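Reviewing the structure listed below.
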Amino acid sequence: MSSLNDDTEMRVTGSTRYSVNFRERGWLVVVGVVFSIVLNVALVTTVAVISHDKSSHKHTSCDSAACVETAAAVAGSLNKTHPACSDFYEYSCGGYKLHHNLEDGAWSYTVWTELSETHSKRLRMAVEAADKTQKYGKEVAALFASCMDLVALNATNSKPLLDLINKGDGLQFPALVGSAWDRTKFDLSLWIKTLHKMEINTLFTLTKGPNPIKPSDVALKIFPSGLNMYSWDYTSDASWAAKRRDDYKNRMVGYIKNLGVNSNETAIRIDVEDAFQFETKLAGITPDWRNDIYTPKMLRLRKLYRDYLPVTKVNWKDYITSMYPDKLAPNEYEPIFIEESNYFQNLSKLIAHTQDRTLANYMAMSLLYNLADHLPEHISGQITAHKRWDWDASPLYFQCAEVTEKLMPWAASRVMLDRGLISDKTAAKKIFENIKAELSGAVDSVAETYGFSADFTKQLKDRVTHLKEKIGYPDWILNQTLVNQYYSRMTESLDPKQYLQNVVEMSKFRRTALLMSYEENMNGGEGWDTYLGDNDASYYLHGNDIYIPLYYLFAPVYSHDMPDAFNYGGMGAWVGYYMVYALEDDCRTYIDDKGNILPLNISEADGKAYEAAKGCNDYIANATYLPPGEETPISISVSMNSGVQYQHNDIIATRASYKAFRKNMKGSQAAPGLPSSTDKVFYLAVGQFYCSAKYDHHSYYHKLLNAIAASSPEFTQAFGCQPDDPLYNSGETVCSL
């Protein structure tokens with residue numbers, strides 16, 4: 001690709017800055033269905049060749065504490081009294097409901113909820129026992145201790161916050177000081193700089209990451225960051241959205257009033273309403289990041305500083321240099337990408353037509369909203385710092401673990417490694433590569449079956465073969481010296497008695513350090529953040545990588561000591577889902593051998609496999625399962641728009657993981673208390689993902705797990721399903737569905 005000058009514009013399709021952790025349907029459902037056909041044919045062949053745990057095999061049972069504990073958890077989730085071939089969800093998860101009662105007011109309790117609780121307990125254990133002779137151990141212990149000290153939290157009042165917004169400089173908060181606000185001192189650029197240093201990305205975001213043109217390089221990027229106070233809600237239920245906005249407004253009024261500076265509630269409400277109206281207008285110009293085609297504009301920093309002003313009232317040179325430590329700011333020849341330049345033009349117009357008081361209120365409320373969960377009880381009106389969700393109260397340590405890992409993720413990971421509380425991820429990396437190889441081979445088979453051109457086949461394969469994993473934590477964290485060096489950049493040590501001050505300071509440090517992490521570690525592929533509490537995997541187009549959270553290294557998803565069958569069924573099936581999703585996400589582009597993001601020619605796939613897709617969908621629509629207490633079988637099919645029959649990713653991923661497992665399994669190791677059949681263990685591990693303490697026989701995931709079982713001839717063989725069983729698969733269906 002030719003080099004770009006300062007004014008070159010490029011078109012990149014789809015979202016380039018948000019993670020994808022939800023399920024959508026795209027045109028590549030078609031390709032997905034064909035994958036499932038190919039995988040099915042290959043698997044039938046595989047099954048015919050490979051012996052399924054013949055009695056002559058010698059089984060050795062793992063005996064480590066982690067293995068025994070994991071196997072016991074899986075065994076406890078089962079309901080062996082119900083036939084697996086009638087309702088695999090009940091067989092896999094029937095015991096889970098019995099052993100996990102919902103607490104009063106809780107709307108759900110799933111395997112993922114349990115993982116979250118277990119993780120929080122482990123993190124607390126690691127932090128409280130951290131080696132304080134290590135810089136990272138000392139600081140992470142101080143942050144956690146300050147969060148746990150409610151007495152100190154309430155005693156310090158809100159001084160760190162008031163120090164920011166109740167002074168007579170450019171950061172004064174109009175709603176807080178009322179008529180005493182001085183408009184002549186308002187400084188929007190100072191507000192943006194202050195908030196962005198604390199990772200409150202008001203109006204836009206500055207980041208550093210893979211270059212949109214060549215992801216093997218890094219570049220600065222500025223892009224729309226969305227909204228801050230959720231006043232705008234993209235929902236079809238207008239009345240519900242209005243109630244939600246009113247709730248946020250009332251909270252904001254309460255926060256401001258409880259700070260004790262301005263007691264005029266009527267005046268406060270006027271200012272709050274004014275700020276929320278500005279955010280509503282901001283929502284009107286914010287692009288739909290899922291559907292819009294972005295047009296990044298590449299400049300050199302010197303041009304941004306001198307000529308290009310995407311937002312009025314912002315001193316760009318001062319702003320960007322302030323985000324870096326002294327003497328480490330980027331030089332003026334470094335490239336920077338302005339993503340969605342139309343947004344910035346519209347934002348500039350909106351700001352020009354908005355009163356300074358409104359802008360000052362909006363910026364201050366963005367700060368207040370983001371710090372609300374960390375304020376003393378008498379300011380917030382409740383102990384919001386110690387509630388995981390608005391509707392679901394959590395123990396104090398739970399929220400403190402979440403705050404700690406968000407603000408000090410690398411230190412949190414390191415102290416858990418020090419205590420041996422994170423499983424070795426070597427096996428997880430191998431699983432990733434082996435499943436990737438299976439999907440790459442499936443692309444070749446699809447291309448041959450449907451006569452795709454060599455160019456289009458290569459484009460599809462590039463999406464798979466160039467996928468990179470980011471599992472749990474960056475490998476550099478294994479080097480204790482590097483972690484200490486990273487936190488040695490902190491200008492001051494944290495105070496175990498000053499929670500709010502610690503939150504403010506660590507927010508500033510984290511933002512600067514994240515920018516620097518890309519600068520220093522990108523060559524090793526390790527310039528990435530980790531947030532331990534995030535239980536959703538994500539696919540990122542720029543870099544073509546899949547982020548796999550630390551949760552995935554915990555049982556019942558994965559355990560290094562467990563047999564391959566378990567880890568491929570747990571970690572493998574779920575990671576495989578996001579690999580398949582990588583083909584669908586931003587499906588109008590692909591990444592070539594050099595890392596360039598280029599248009600994907602999808603016309604070759606149009607109309608070539610819809611008949612096959614219909615056959616698969618029809619098969620699932622006609623499949624049934626029989627839960628306990630039901631007299632007649634229940635159809636797996638649900639609505640056309642959200643039906644299980646459209647979730648090909650789960651089917652394809654499970655089958656790809658199964659094939660990779662069978663091809664790469666070592667020996668025939670068993671786990672205590674689990675079936676000797678490795679195929680059974682594989683499918684039981686898949687089933688653990690869907691277990692919930694609250695479900696009915698018609699729930700989506702109840703149907704989805706049964707759809708996976710019904711689509712798999714190997715499941716039928718493993719569990720000995722008979723032709724009259726609801727989930728029986730003869731292997732002669734139109735496709736694996």
Side-chain angles (χ1 to χ4, degrees), residues 31-54 57 88 427-449 460-461 463-465 467 469 546 558 562-583 612 616 647-669 677-687 689 705 707-719 729-737:
V31 176
V33 172
V34 180
F35 273 12
S36 64
I37 298 172
V38 173
L39 285 170
N40 183 47
V41 173
L43 284 169
V44 170
T45 303
T46 302
V47 170
V49 174
I50 298 178
S51 165
H52 286 263
D53 304 321
K54 292 181 178 179
H57 285 187
F88 187 52
K429 287 185 171 183
K430 291 180 179 178
I431 289 172
F432 186 97
E433 292 302 320
N434 291 337
I435 296 176
K436 188 168 70 171
E438 291 303 323
L439 290 175
S440 178
V443 172
D444 287 329
S445 298
V446 168
E448 182 177 355
T449 301
L460 290 176
K461 288 193 69 173
R463 290 301 294 265
V464 178
T465 57
L467 277 172
E469 54 81 11
I546 294 178
Y558 168 88
M562 286 291 283
D564 289 341
F566 176 85
N567 286 329
Y568 274 92
M571 169 73 76
W574 205 239
V575 168
Y577 169 85
Y578 282 94
M579 288 187 182
V580 177
Y581 201 63
L583 280 166
C616 293
Q647 296 299 339
H648 302 96
N649 291 7
D650 300 84
I651 308 294
I652 302 163
T654 300
R655 299 182 64 71
S657 185
Y658 176 84
K659 189 178 179 185
F661 148 63
R662 270 298 172 188
K663 185 179 291 185
N664 296 281
M665 67 176 291
K666 302 252 192 308
S668 55
Q669 187 184 48
S677 164
T678 53
D679 279 15
K680 284 186 177 180
V681 172
F682 173 88
Y683 283 104
L684 290 177
V686 173
F689 278 99
L705 182 56
I708 293 172
S711 69
S712 305
E714 303 76 37
F715 173 86
T716 287
Q717 279 197 282
F719 287 90
N729 185 305
S730 66
E732 298 177 356
T733 55
V734 175
C735 64
S736 63
L737 288 170

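Given the structure is predicted, the values throughout are model-derived calculations rather than measurements.
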With Y558, which residues qualify under side chain to side chain donor-acceptor pair (under 3.5 Å), at least two apart?
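Here no residue qualifies.
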Hey, does [Y] have a side-chain heavy atom less than 4.5 Å from the side chain of [X]?
| X | Y | result |
| --- | --- | --- |
| F661 | D679 | yes |
| K461 | D444 | yes |
| L705 | F689 | no |
| Y568 | M665 | no |
| D564 | I431 | no |
| L467 | M579 | yes |

Residues in salt bridge (charged side-chain N to carboxylate O under 4.0 Å, His left out) with E448, at least two apart?
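Per chain and number, E448 pairs via salt bridge (charged side-chain N to carboxylate O under 4.0 Å, His left out) with no residue.
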Assess whether a salt bridge exists between K436 and E433, defined as any Lys/Arg side-chain N lying under 4.0 Å from an Asp/Glu carboxylate O.
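Salt bridge flag = yes for E433 with K436.
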Does a side-chain N-to-carboxylate-O contact under 4.0 Å join K663 and E438?
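Judged by the 4.0 Å cut-off on N to carboxylate O distance, K663 and E438 do form a salt bridge.
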From [atom1] ([X]) to [atom2] ([Y]), nearest 0.5 Å:
| X | Y | atom1 | atom2 | answer |
| --- | --- | --- | --- | --- |
| T678 | F566 | OG1 | CZ | 14.0 Å |
| N434 | R662 | CG | CZ | 14.5 Å |
| T716 | N729 | OG1 | CG | 5.0 Å |
| L684 | F682 | CG | CZ | 11.0 Å |

Closest approach of [X] to [Y] (non-hydrogen atoms, all atoms of both residues):
| X | Y | answer |
| --- | --- | --- |
| P713 | G731 | CG-CA, 3.9 Å |
| A573 | S657 | N-OG, 3.5 Å |
| R655 | S711 | NH1-O, 3.5 Å |
| V686 | G569 | CG2-O, 3.2 Å |
| A718 | K680 | O-CE, 3.0 Å |
| A660 | N664 | O-ND2, 2.7 Å |

Keeping S440 on the side-chain end and T465 on the backbone end, is there a donor-acceptor pair under 3.5 Å?
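Flag not set: sc S440 to bb T465 has no pair under 3.5 Å.
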Under 3.5 Å, side chain of S712 to main-chain N/O of F715, donor-acceptor pair present?
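Not at all, since once roles are kept as given, no pair shorter than 3.5 Å links the two residues.
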Does the side-chain contact (heavy atoms from CB on, under 4.5 Å) test come out yes or no for E714 and Y683, once each step is laid out?
CA-CA 10 Å; E714 303 76 37; Y683 283 104; 3.6 Å; yes
